[in-house]
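What follows is a set of notes on a single structure, which appears directly below.
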There are 2 protein chains.
Amino acid sequence: MSKPLPLLTSPPPERRDAARNREALMEAAVCLVELHGVRGVTMDALAARAGVGKGTVFRRFGSREGLMGALLNHSETEWQAAVMGGPPPLGPGAPPLERLLAFGESRMVLNIKHAELIEAAGNPGARSFAALSFTTMHVRYLLGQLGVEGDLAYLATALVAPLEMIVLREQVDREQIPMDRITAGWTDLVRRVAGG
Amino acid sequence: MSKPLPLLTSPPPERRDAARNREALMEAAVCLVELHGVRGVTMDALAARAGVGKGTVFRRFGSREGLMGALLNHSETEWQAAVMGGPPPLGPGAPPLERLLAFGESRMVLNIKHAELIEAAGNPGARSFAALSFTTMHVRYLLGQLGVEGDLAYLATALVAPLEMIVLREQVDREQIPMDRITAGWTDLVRRVAGG
DNA sequence: GATCGAAACGGACTACAGTCCGCTTCTATT
DNA sequence: AATAGAAGCGGACTGTAGTCCGTTTCGATC
């Protein structure tokens with residue numbers, strides 16, 4: 001007899017020791033962030049706290065940036081759920097424009113809250129493809145709902161770009177622009193793009 | 001007699017040995033980038049090549065990011081000159097909308113060209129305040145010329161945001177969007193924001 | 001339950017960023 | 001020209017990211 005037809009079983013299942021370590025690592029990482037802040041999460045400290053070797057940490061996350069990306073992902077999942085299925089105006093139920101504006105503000109708050117983590121995660125593939133594009137995809141969908149015409153993928157990217165942490169921090173920290181002015185500015189931007 | 005009135009002489013002049021070393025360091029840095037790429041520019045290698053101690057490198061640039069920021073600044077100065085005083089449509093002379101569109105495209109090309117350097121420079125203050133805000137200031141000015149109403153500072157930031165390297169790389173490298181579609185998208189964005 | 005290949009582990013090792021402090025060089029003053 | 005104090009210098013030292021490879025653990029098969 002040949003093997004039990006691995007037809008659609010693409011990824012080989014995770015070994016039990018690997019699963020145990022992954023769990024221990026994530027828990028230790030969250031704990032270290034709370035205790036010592038993002039900067040205090042060193043790969044050595046993480047390995048020690050999780051009771052594994054350093055090599056294991058790198059096998060799991062690839063790099064420090066990868067680790068931070070994983071933590072970020074963990075945190076963002078909750079927010080994504082609120083957007084997809086939470087109460088209006090962020091979740092479904094409110095009219096599209098209201099939803100879009102609520103979305104923008106919510107995203108700003110989130111990006112500022114996670115600023116350290118985002119920075120530590122860097123850009124490179126760390127903020128997993130899926131997580132990053134979720135934001136753009138959602139805006140694109142809402143633009144469609146609003147009946148906007150044109151290259152919606154690009155317009156979505158353009159609307160999301162000024163919500164990025166790197167841009168926000170420039171405005172908030174350096175230029176000292178108050179949050180409500182930023183919110184108002186983005187609202188105006190949306191109105192112009194959506195046509196009205 | 002008291003001192004010769006240091007009234008307006010704000011920064012104490014640079015010592016000669018310091019000037020010599022600064023020059024040697026910049027030259028060595030440019031050379032190393034050409035030879036081994038941005039990643040090959042280590043602080044040790046730079047110090048060795050310039051014939052100075054490591055402490056001197058850090059005294060001069062503060063950090064690796066600071067060094068990269070200095071290199072970037074060096075490269076961008078030329079471009080700023082082209083924007084402020086070069087031939088149209090980038091430089092003065094062309095109608096504002098044409099100038100703005102030329103500006104956007106030029107900025108994209110530049111950001112992609114300098115991608116490695118920009119990334120290595122990080123965000124934190126390294127891309128000197130002045131250099132960073134030049135772009136936004138210029139867009140703001142052109143929006144004014146176009147007779148756009150509203151919070152021009154915010155609108156300028158919003159138009160510049162999707163030209164940032166971090167956003168462009170996502171589009172070009174990961175989503176494989178061709179450059180001309182990106183250019184077209186930005187052009188459309190500008191038209192919507194400027195009201196048309 | 002014995003065997004075997006593959007996957008995962010762990011920690012010593014390397015390379016680089018950034019610090020520290022005693023030493024040298026410069027410049028202003030007399 | 002001599003001197004003093006400040007500015008600058010340099011390289012040994014520390015801490016952390018990331019690599020490497022011999023060893024251990026797992027789970028599939030017989």
Side-chain angles (χ1 to χ4, degrees), chain A residues 1-6 9-26 28-29 32-33 36-71 119-122 124-126, chain B residues 1-6 9-25 28-29 32 36-71 119-122 124-126:
Chain A
M1 265 305 271
S2 62
K3 295 211 168 174
L5 301 177
T9 66
S10 30
E14 190 179 40
R15 252 169 59 168
R16 208 168 308 133
D17 53 348
R20 211 180 322 121
N21 281 340
R22 181 171 46 72
E23 217 165 312
L25 280 169
M26 282 305 285
L32 278 178
V33 168
H36 305 115
V38 172
R39 292 201 45 193
V41 183
T42 70
M43 301 307 254
D44 286 293
L46 178 58
R49 179 164 200 112
V52 304
K54 201 173 174 181
T56 303
V57 180
F58 277 89
R59 155 176 298 270
R60 188 64 53 194
F61 300 109
S63 67
R64 190 180 138 90
E65 294 192 345
L67 165 65
M68 295 306 173
L71 284 174
E119 178 157 15
Chain B
M1 259 313 267
S2 63
K3 296 209 169 175
L5 301 176
T9 67
S10 30
E14 192 178 38
R15 249 169 61 171
R16 209 169 308 134
D17 51 350
R20 212 181 322 123
N21 281 340
R22 180 171 48 71
E23 219 167 309
L25 281 168
L32 279 177
H36 306 116
V38 171
R39 291 202 44 191
V41 183
T42 69
M43 300 307 254
D44 287 297
L46 178 58
R49 178 161 200 112
V52 305
K54 201 173 175 183
T56 304
V57 180
F58 278 88
R59 156 175 296 269
R60 189 62 54 193
F61 300 109
S63 67
R64 191 181 137 91
E65 294 192 346
L67 165 66
M68 296 306 174
L71 284 174
E119 178 159 16

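First the proteins, then the strands, lettered A, B, ... as listed; each starts at 1.
- Legend: residues meeting salt bridge (charged side-chain N to carboxylate O under 4.0 Å, His left out) with B:R15, ordered by chain and number and at least two apart, are B:D17.
- The minimum heavy-atom distance linking A:A121 with A:E65 is given by the pair O-CB, 3.5 Å.
- Listed pair B:R20 / C:dC26 meets the phosphate criterion, a side-chain N or O lying under 4.0 Å from OP1 or OP2.
- With sequence neighbours left out, A:A19 forms a side chain to side chain contact (heavy atoms under 4.5 Å, CB included) with A:E14, A:R22.
- Relative to the axis of its first five pairs, the axis of the last five pairs of the helix from C:dG1-D:dC30 to C:dT30-D:dA1 sits at 10°, rounded to 10 degrees.
- The phosphate of C:dG10 (OP1 or OP2) has a side-chain N or O of A:T56 nearer than 4.0 angstrom.
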Pair up each side-chain donor or acceptor in residues 37-47 of chain A with any protein partner under 3.5 Å, not counting sequence neighbours, and list the distances.
from	atom 1	to	atom 2	distance (Å)
A:T42	OG1	A:A45	N	3.0
A:D44	OD1	A:K54	NZ	3.4
A:D44	OD2	A:K54	NZ	3.4

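- Under the side-chain contact (heavy atoms from CB on, under 4.5 Å) test applied with A:F61, the options A:T56, A:L25, A:L71 reduce to a single match, A:L25.
- A donor-acceptor pair is defined here as one N or O able to donate and one able to accept, closer than 3.5 Å; such a pair exists between the side chain of B:R60 and the backbone of B:A18.
- In this structure, the nucleotide among D:dG10, D:dA17, C:dA8 sitting nearest to the side chain of A:R59 is C:dA8.
- Nucleotide D:dG10 holds its P atom 11 Å from the CZ atom of B:R60, rounded to whole Å.
- Atom CZ in B:F61 sits roughly 14 Å away from atom P in D:dG10 (whole-Å rounding).
- OP1 and OP2 of D:dA7 both lie 4.0 Å or more from every side-chain N or O belonging to B:R15.
- Using a 4.0 Å cut-off on heavy atoms, the residues of residues 42-52 of chain A that approach DNA chain D are A:T42, A:M43, listed by number.
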Point to revise | Worked check of side-chain contact (heavy atoms from CB on, under 4.5 Å) between A:V57 and A:V52 | key: CA-CA 8 Å; A:V57 180; A:V52 304; 4.1 Å; yes
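- Residue A:R22 contributes atom CZ, which lies 11 Å from atom P of C:dC9 at whole-angstrom precision.
- Between the CZ atom of A:R39 and the C1' atom of D:dA17 there is a distance of 14 Å, rounded to whole Å.
- Atom CG in A:D17 sits about 9 Å away from atom P in D:dT25, given to the nearest Å.
- For the pair A:N21 and C:dA8, the criterion of a side-chain N or O lying under 4.0 Å from OP1 or OP2 is not met.
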N/O-N/O pairs, protein side and nucleotides 19-22 of chain C side, under 3.5 Å:
none

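- Taking every heavy atom of both residues into account, B:M68 and B:A120 meet most closely at CG-CB, 3.5 Å.
- Spacing between atom CD of B:E23 and atom P of D:dC9 amounts to 13 Å, rounded to whole angstrom units.
- Phosphate proximity of C:dT27 to B:R16: present, with a side-chain N or O under 4.0 Å from OP1 or OP2.
- Residue B:A18 has its side chain nearest to D:dC9 when only C:dG18, D:dG18, D:dC9 are considered.
- Residue A:A28 comes nearest to A:R49 through the heavy atom pair CB-CG, 3.8 Å, listed as atom of the first residue, atom of the second, then distance.
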